[in-house]
Amino acid sequence: MGLFNTTYDVIVVGGGHAGSEAAAASANMGAHTLLITMNLQNIAQMSCNPAMGGIAKGQIVREIDALGGYSAIVTDKTAIQFKMLNKSKGPAMWSPRAQSDRMQFAECWRTMLEQTENLDFYQDSVNGLLFDGDKITGVKTALGLEIKAKTVIVTAGTFLNGLIHIGEKTFGGGRAGEGASTGITEDLVVKGFEAGRMKTGTPPRVDGRSLDYSKMTEQPGDENPEKFSYLPVTKPLTKQRSCYLTYTNPEVHDLLREGFDRSPMFNGRIKSTGPRYCPSVEDKINRFAEKERHQIFVEPEGWNTVEIYVNGFSTSLPEDIQDKAIRSIPGFENVKFFRYGYAIEYDYFPPTQLKHNLETKLIDNLFFAGQINGTTGYEEAAAQGLMAGVNAALKVQEKEPFILKRSEAYIGVLIDDLITKGTEEPYRMFTSRAEYRTLLRQDNADLRLTEKSYKLGLASQERMDRVEEKKNKTQNLIDYIKGLSVTKEDINPILEEKNLATINQSMKLYKIAARPQLTFSDFRSIDKLENYIQENEIDNEIIEQVEIHLKYSGYIEKEKNNADKLNRLENVPIPATFDYSKVKSLSYEAREKLSKIQPTSISQASRISGVSPSDISVLLVYMGR
């Protein structure tokens with residue numbers, strides 16, 4: 001069975017974070033999958049910073065793990081540092097982040113993919129798509145092969161007509177040292193797709209031996225690091241590498257400004273929009289001119305390399321300006337460059353052209369995932385890849401699509417935002433984008449999603465058993481604390497130490513535990529409780545669940561009720577053939593937007609910008625509420 005006479009269930013175009021998760025998901029669901037990438041050495045390459053997770057992104061990595069994806073396992077196996085961010089805030093804001101060893105990360109991904117059944121690999125560039133009317137039938141490659149498939153997932157990253165800019169130089173490419181990909185955009189535009197351009201950038205990489213760390217602030221990992229994956233196959237780090245923090249200053253800003261007239265960002269050569277939340281350094285000093293300094297994070301690229309990623313100094317200024325300006329940053333006086341920063345422009349397709357399962361509205365069985373949809377970030381890409389892989393496999397198996405609601409996962413928020421609101425600038429996930437963030441915490445992704453994934457055949461029996469055990473042990477410990485009376489002899493010493501009001505008679509521990517100044521560890525000195533924990537082998541993960549429940553159950557309940565109310569609207573479907581032009585009482589803008597986006601439910605319609613609450617009331621009347 002060669003490439004010439006095989007019809008694959010799923011072809012994945014591109015081997016970045018989106019493509020890797022897509023290929024793993026569809027293959028693990030039993031679909032015969034082919035991953036085509038321009039260079040098999042660069043599978044799951046960390047093209048930008050060597051880190052996974054962070055604010056809201058860490059939640060996504062945990063969700064991918066709960067759904068049976070690979071990102072969390074690979075991150076744990078190749079991490080050089082782990083940090084839980086935002087620990088000073090409430091648990092809805094806690095976000096795990098790991099620095100990774102860049103080379104090990106890609107190698108580990110490739111090994112895991114090679115050990116995945118039903119998955120084939122082929123190195124070539126896809127430069128065309130094959131259609132039969134409004135249906136995709138396969139791909140065309142640069143070598144002239146036509147490979148047939150029932151479904152195709154395009155995860156082209158920054159490669160579609162990619163253009164690299166450094167100062168006044170411009171050359172085609174998808175990443176430094178790699179060619180761009182042509183042909184796919186053109187084929188899709190002929191089919192009626194709307195395409196746009198976006199820009200992203202990357203900072204210089206420098207020689208760590210040439211830096212003076214004594215002028216910077218050390219940023220070590222957590223003292224007791226956790227990990228990303230819920231599975232026991234990975235273990236928390238026992239040793240870690242530190243990052244370092246330094247700052248730009250007015251002198252650096254002045255030197256950078258000298259190059260503005262030669263900057264592709266300012267002389268009109270780059271026409272597209274860059275990421276608002278990860279701006280280039282020239283963008284920062286232009287937009288925030290009043291700021292005296294900006295943070296620069298000095299991040300090691302791995303265990304055994306001297307290469308350093310200069311996070312916060314993303315730029316496309318000419319090399320001589322980059323060189324001059326960076327030397328005025330404390331610790332960088334004698335810096336040696338490994339490579340200069342650059343900007344890259346690439347094609348994307350406004351994601352309002354997609355359905356909730358990431359299939360395109362115009363062409364059946366064609367799915368998009370990752371930066372082609374206007375997102376930025378490995379985690380956002382990986383999440384879309386996983387969902388596209390699952391849904392392509394389900395399509396082949398003639399099953400219902402798998403869609404996550406906004407109240408179920410950050411992944412649900414991400415996809416709903418993209419297809420409902422679209423995006424004009426690279427989209428990045430934040431906790432503030434999720435209206436149910438108290439429900440969508442990093443600590444409970446397994447409780448939220450494992451069962452769904454298990455039903456799909458993605459999550460293993462082992463995952464399911466662990467979740468059941470976590471659920472039961474958590475509930476049992478909560479019940480135990482609800483029933484446990486503590487005497488004033490037990491509890492007053494603890495309260496006195498914290499300068500809190502003492503009690504004068506026995507009381508249920510549950511009541512006292514809700515006080516915000518107390519943590520669960522404060523009660524470990526109570527013998528009855530500690531004995532229960534030891535006898536029932538309660539680990540820290542369960543204690544964290546119980547502590548969050550004790551402190552926040554009121555908020556969590558309230559948010560659950562809000563979500564349930566909205567989910568009832570989610571269940572009011574809008575027929576695909578619904579003609580909005582006939583509904584004269586809708587505002588003109590609402591008619592235009594609703595006709596373009598074709599929402600599948602009243603709830604989705606309510607989130608389209610330009611559709612007002614009164615428009616929704618009109619629709620509800622029409623839908624016969």
Side-chain angles (χ1 to χ4, degrees), residues 55-56 58-59 62 82-97 219-227 236 431-432 434-447 470-562:
I55 311 286
Q59 281 84 329
R62 285 254 159 108
F82 187 95
K83 254 186 162 150
M84 187 66 78
L85 307 178
N86 277 344
K87 265 309 244 206
S88 59
K89 299 181 175 159
M93 308 299 281
W94 299 349
S95 302
R97 181 180 192 270
Q219 307 257 297
D222 287 348
E223 213 169 306
N224 298 306
E226 293 178 46
K227 62 193 192 83
T431 44
S432 57
E435 56 274 50
Y436 304 116
R437 54 186 171 275
T438 318
L439 303 179
L440 309 181
R441 305 183 309 276
Q442 54 84 29
D443 60 87
N444 69 356
D446 55 340
L447 299 172
K470 180 170 167 179
K471 261 187 196 154
N472 295 336
K473 283 188 171 177
T474 302
Q475 195 50 53
N476 292 345
L477 181 53
I478 290 169
D479 293 343
Y480 178 76
I481 292 171
K482 279 185 170 166
L484 179 64
S485 286
V486 287
T487 63
K488 54 184 186 180
E489 289 75 27
D490 282 331
I491 204 81
N492 281 349
I494 299 168
L495 297 174
E496 280 161 5
E497 200 181 316
K498 298 258 176 184
N499 295 325
L500 297 174
T502 52
I503 61 172
N504 44 23
Q505 71 212 53
S506 290
M507 212 172 168
K508 291 275 189 273
L509 180 60
Y510 192 72
K511 281 240 166 81
I512 301 165
R515 294 193 191 183
Q517 305 88 336
L518 295 167
T519 65
F520 195 94
S521 54
D522 295 326
F523 308 121
R524 298 289 291 260
S525 58
I526 300 169
D527 290 341
K528 279 188 219 162
L529 178 64
E530 188 57 28
N531 292 341
Y532 179 91
I533 288 171
Q534 297 305 331
E535 280 162 24
N536 292 282
E537 297 177 357
I538 306 273
D539 61 22
N540 288 338
E541 212 178 308
I542 288 156
I543 287 173
E544 182 178 52
Q545 288 301 305
V546 172
E547 178 151 30
I548 288 168
H549 177 87
L550 295 176
K551 290 259 194 299
Y552 299 97
S553 55
Y555 298 102
I556 292 168
E557 274 314 302
K558 196 166 146 194
E559 203 154 279
K560 266 204 182 101
N561 293 337
N562 287 344

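Residue numbers count from 1 along this sequence. Computed from a predicted structure; not experimentally measured. Note: hydrogens, waters and symmetry copies are ignored here, and every other heavy atom, side chains too, is used.
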CA sep, side-chain torsions, deciding dist, call: L447, Q545, side-chain contact (heavy atoms from CB on, under 4.5 Å): CA-CA 10 Å; L447 299 172; Q545 288 301 305; 3.4 Å; yes
Evaluation steps, side-chain contact (heavy atoms from CB on, under 4.5 Å), between N536 and N476: CA-CA 10 Å; N536 292 282; N476 292 345; over 6 Å; no
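Going from atom CD1 of I543 over to atom CG of L550 covers 11.0 Å, rounded to the nearest 0.5 Å. Taking CG of L477 as the reference point, atom CD1 of I538 lies at 5.0 Å (rounded to 0.5 Å). In this structure, D443 CG and I542 CD1 are separated by 12.0 Å, a value rounded to the nearest 0.5 Å. The distance from the OG atom of S95 to the CG atom of N86 is 5.5 Å, given to the nearest 0.5 Å. Rounding to the nearest 0.5 Å gives a distance of 11.0 Å between NZ of K471 and CD of Q475. Atom CD of E496 is separated from atom CD1 of I491 by 11.0 Å, given to the nearest 0.5 angstrom.
The shortest side-chain heavy-atom distance between Q219 and K83 falls under the 4.5 Å cut-off. A heavy-atom distance below 4.5 Å is not found between the side chains of E544 and E547. In this structure the side chain of L495 reaches within 4.5 angstrom of the side chain of R515, judged on heavy atoms. Inter-residue side-chain proximity for L440 and T431 is flagged as unmet; no heavy-atom pair is nearer than 4.5 Å. When side chains are defined from C-beta on, D446 does not count as touching R62, because their heavy atoms never get closer than 4.5 Å. Contact annotation: the side chain of T438 never approaches that of M93 to less than 4.5 Å [non-hydrogen atoms, C-beta and beyond]. Contact annotation: the side chain of H549 never approaches that of T474 to less than 4.5 Å [non-hydrogen atoms, C-beta and beyond]. Between L529 and I481 the shortest side-chain heavy-atom distance falls below 4.5 Å.
When every heavy atom of P91 is checked against every heavy atom of I548, the shortest pair comes out as CB-CD1, 3.7 Å. The nearest pair of heavy atoms linking Y552 to G90 is OH-CA, 3.8 Å.
A donor-acceptor contact shorter than 3.5 Å is absent between the side chain of E226 and the backbone of P236. Counting only distance, with no hydrogens or angles, the side chain of N444 and the backbone of R441 share a donor-acceptor pair below 3.5 Å. In terms of modelled atom types and a separation under 3.5 Å, the side chain of E530 and the main chain of S525 share no donor-acceptor contact. With hydrogens and angles ignored, the 3.5 Å screen pairs no side-chain donor or acceptor of D522 with any backbone N or O of L518. The main-chain N or O of A434 is found under 3.5 Å from a side-chain atom of R437 such that the two form a donor-acceptor pair. Between the side chain of D490 and the main chain of T487, a donor-acceptor pair closer than 3.5 Å is present. Checking side-chain atoms of K488 against main-chain N and O of P493 turns up no donor-acceptor pair under 3.5 Å. Judged by distance alone, with hydrogens and angles left aside, the side-chain atoms of Q59 form a donor-acceptor pair with the main-chain N or O of W94 at under 3.5 Å.
Remark: S485 pairs with K508 by the side chain to side chain donor-acceptor pair (under 3.5 Å) rule, at least two apart or across chains.
Heavy atoms of other residues, nucleotides or ligands lying less than 6.0 angstrom from CD of E537 number 12 at most.
Ring orientation note: the planes of F523 and F520 are nearly perpendicular, at an angle over 60° on the 30°/60° scale. Ring geometry for Y532 versus Y480: interplanar angle under 30°, hence parallel rather than tilted (30 to 60°).
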